[in-house]
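If you're wondering where the values come from, they're calculated on a predicted model, not measured in any experiment. For ligands, and for the atoms within them, numbers begin at 1 and follow the listed sequence. Numbering of residues begins at 1 and proceeds along the displayed sequence.
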Amino acid sequence: MRKPTKAVLTGAAVAALLVPCTVNAVANSGRGRPHQDTSATTLGALGKRAGLRIGTAVDTSALAEDASYRARAASEFTSVTPENVMKWDAVEGQRGRYDWSEADKLVDFARANGQLVRGHTLLWHNQLPGWLTTADLGADELRAVLRKHITDEARHFKGRIWQWDVVNEAFDDDGTLRDSIWLRKLGPGYIADAFRWAHEADPKAKLFINDYNIEGVNAKSTALLELVTRLREQHVPIDGVGIQGHLAVQYNAPHDIAANMKRFDDLGLETAITEADVRIPMPSDSTGQEAQAEGYDVLLRGCLLTRRCTDFTVWGFSDTYSWVPSTFEGEGAATSSTRTTGPSPPTGRSWTT
Ligand code: XIL
């Protein structure tokens with residue numbers, strides 16, 4: 001435990017996001033410093049006492065169109081991640097023609113609100129522009145294109161990004177490297193190259209590798225551990241490991257997350273929970289919601305127990321803007337703002353007859 005006061009930040013507090021009275025109830029629960037102000041506690045403030053940034057993914061359309069979303073995004077969080085607008089297809093839809101406008105607006109928003117920005121993401125196999133995926137470029141040209149992309153983007157935002165997700169989702173669940181265009185054409189060295197290029201372009205940004213299903217100790221997290229160990233030995237400029245934290249209540253929560261994160265911490269790497277959400281088969285009921293609170297709690301506790309865990313980011317709020325319903329059929333209610341202050345009535349079950 002880093003400080004006694006951090007106990008006020010609990011999974012329940014996160015789960016109660018956007019329900020300020022509950023956040024205050026947690027803050028006043030007697031487990032932390034007595035907290036008299038019942039009107040103004042935010043997750044960001046609770047996180048600060050625990051030495052943690054609390055972030056959210058930001059949907060920039062919602063930010064432009066929904067005033068209450070904008071107010072919450074500004075007040076509850078101390079860091080932000082662009083949900084989509086820094087991805088390759090968003091910034092270079094046409095080859096050689098950059099459009100940084102949406103991403104710039106978010107960076108400006110963060111600056112105006114005293115928030116740090118997690119850049120997301122420089123290299124991924126998804127959300128690539130069509131001109132790139134259809135071109136069937138040879139290895140040399142593809143490598144040059146990737147180098148230019150990473151260099152131009154990291155340079156554009158130079159000095160304004162706290163942490164970059166340089167490489168996103170490079171592994172399969174069995175611990176082998178993902179069969180992506182990058183691995184197929186460039187070989188496994190593309191990962192070290194990406195970090196070197198990003199560091200050259202923005203030497204002060206903290207550079208992360210980010211993935212899902214690496215919360216607990218398993219084949220994938222162990223393969224990632226071996227990779228980052230090798231990268232450190234080779235003096236590749238990598239600073240941290242991002243653990244996405246996309247959970248689903250029908251699977252066991254990763255109770256060994258702290259033990260897993262310690263393995264990275266012991267290498268001197270920073271860690272972060274970068275995309276927390278906990279989805280529920282719909283319709284959600286109180287059982288699902290309790291399991292969801294446990295999921296958030298496990299993720300948050302993992303971070304709180306890990307010395308160099310810098311931030312806990314939720315993948316958006318509220319359910320209106322969540323990616324889950326359109327991605328996972330029959331599942332939803334995944335954001336922390338689903339929660340209400342009391343238990344919801346059970347649905348679909350009855351014990352009165
Ligand atoms: C998702 C966004 O939330 C969606 O809006 C988009 O359509 C697809 O991508 N892992 C990641 C994120 O690293 O970038 C993904 O974001 C969710 C999974």
Side-chain angles (χ1 to χ4, degrees), residues 55-66 69 73 77 79-93 102-103 105-107 117-130 132-133 149-150 153 157 161-173 177-178 180-182 191 194 198 206-215 220-221 224 240-248 251 254 271-280 295-296 299 311-329 331-338:
T56 183
V58 174
D59 174 333
T60 51
S61 307
L63 198 66
E65 288 155 17
D66 180 340
Y69 179 95
F77 302 97
S79 70
V80 292
T81 306
E83 185 171 357
N84 286 301
V85 293
M86 283 188 191
K87 291 172 181 172
W88 200 331
D89 64 349
V91 298
E92 197 187 4
E102 286 301 303
K105 272 190 238 163
L106 179 60
V107 172
V117 180
R118 297 200 79 257
H120 178 81
T121 173
L122 293 173
L123 196 171
W124 195 23
H125 60 279
N126 277 335
Q127 292 178 274
L128 294 170
L132 175 60
T133 51
H149 166 69
I150 291 177
E153 177 145 16
F157 294 108
I161 300 293
W162 173 42
Q163 300 176 339
W164 261 118
D165 288 333
V166 176
V167 174
N168 197 32
E169 302 182 351
F171 283 92
D172 276 323
D173 283 352
L177 284 178
R178 180 187 293 277
S180 67
I181 179 177
W182 310 117
I191 296 178
K206 298 283 189 184
L207 305 184
F208 277 60
I209 188 164
N210 191 51
D211 218 320
Y212 63 92
N213 286 355
I214 56 162
E215 291 74 27
K220 191 175 191 176
S221 61
L224 180 60
V241 173
I243 294 170
Q244 291 186 3
H246 292 295
L247 304 186
Y251 308 115
T271 49
I273 305 296
T274 55
E275 308 185 13
D277 59 12
V278 187
R279 52 190 195 271
I280 304 176
Y296 276 107
L299 292 173
D311 60 302
F312 180 91
T313 289
V314 295
W315 203 241
F317 72 95
S318 61
D319 289 329
T320 314
Y321 299 115
S322 167
W323 73 307
V324 166
S326 59
T327 311
F328 301 93
E329 208 187 327
E331 297 176 57
T335 71
S336 42
S337 45
T338 316

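For a threshold of 3.5 Å applied to N or O pairs, the pair formed by E83 and ligand 1 contains at least one separation below that value. For ligand 1, the polar-atom distance check finds no N/O of W323 at less than 3.5 Å from any of the ligand's N/O atoms.
No side-chain donor from either of T335 and D277 sits under 3.5 Å from a side-chain acceptor of the other. S79 and D311 form no side-chain donor-acceptor contact under 3.5 Å, judged by distance and modelled atom types alone.
Atoms of ligand 1 lying under 4.0 Å from any heavy atom of E169, numbered from 1 in the order shown and given with element: 10 (N), 11 (C), 13 (O), 18 (C).
Here W124 has side-chain heavy atoms under 4.0 Å from ligand 1, and that is the only part of it that gets that close. With a 4.0 Å heavy-atom cut-off, ligand 1 is reached by the side chain of N84 but not by its N, CA, C or O. Under 4.0 Å from ligand 1, the heavy atoms of N168 that appear belong solely to its side chain.
Evaluated by nearest non-hydrogen atom to atom 16 (O) of ligand 1, the leading choice among K87, H120, M86, E275 is K87.
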Inset, instruction - Tell me, with the steps shown, if D66 and Y321 meet side chain to side chain donor-acceptor pair (under 3.5 Å). - result: CA-CA 11 Å; D66 180 340; Y321 299 115; 2.6 Å; yes

Inset, instruction - Run the numbers on N210 and E275 for side chain to side chain donor-acceptor pair (under 3.5 Å), then give the verdict. - result: CA-CA 10 Å; N210 191 51; E275 308 185 13; 3.1 Å; yes

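The ring pair (Phe, Tyr, Trp, His ring centres under 6.0 Å) test with H246 is passed by exactly one of W323, Y296, Y251, F328: W323.
Side-chain contact between W162 and R118 is present, with at least one heavy-atom pair separated by less than 4.5 Å.
Protein heavy atom at the shortest distance from atom 8 (C) of ligand 1 is Q127 OE1, 3.3 Å.
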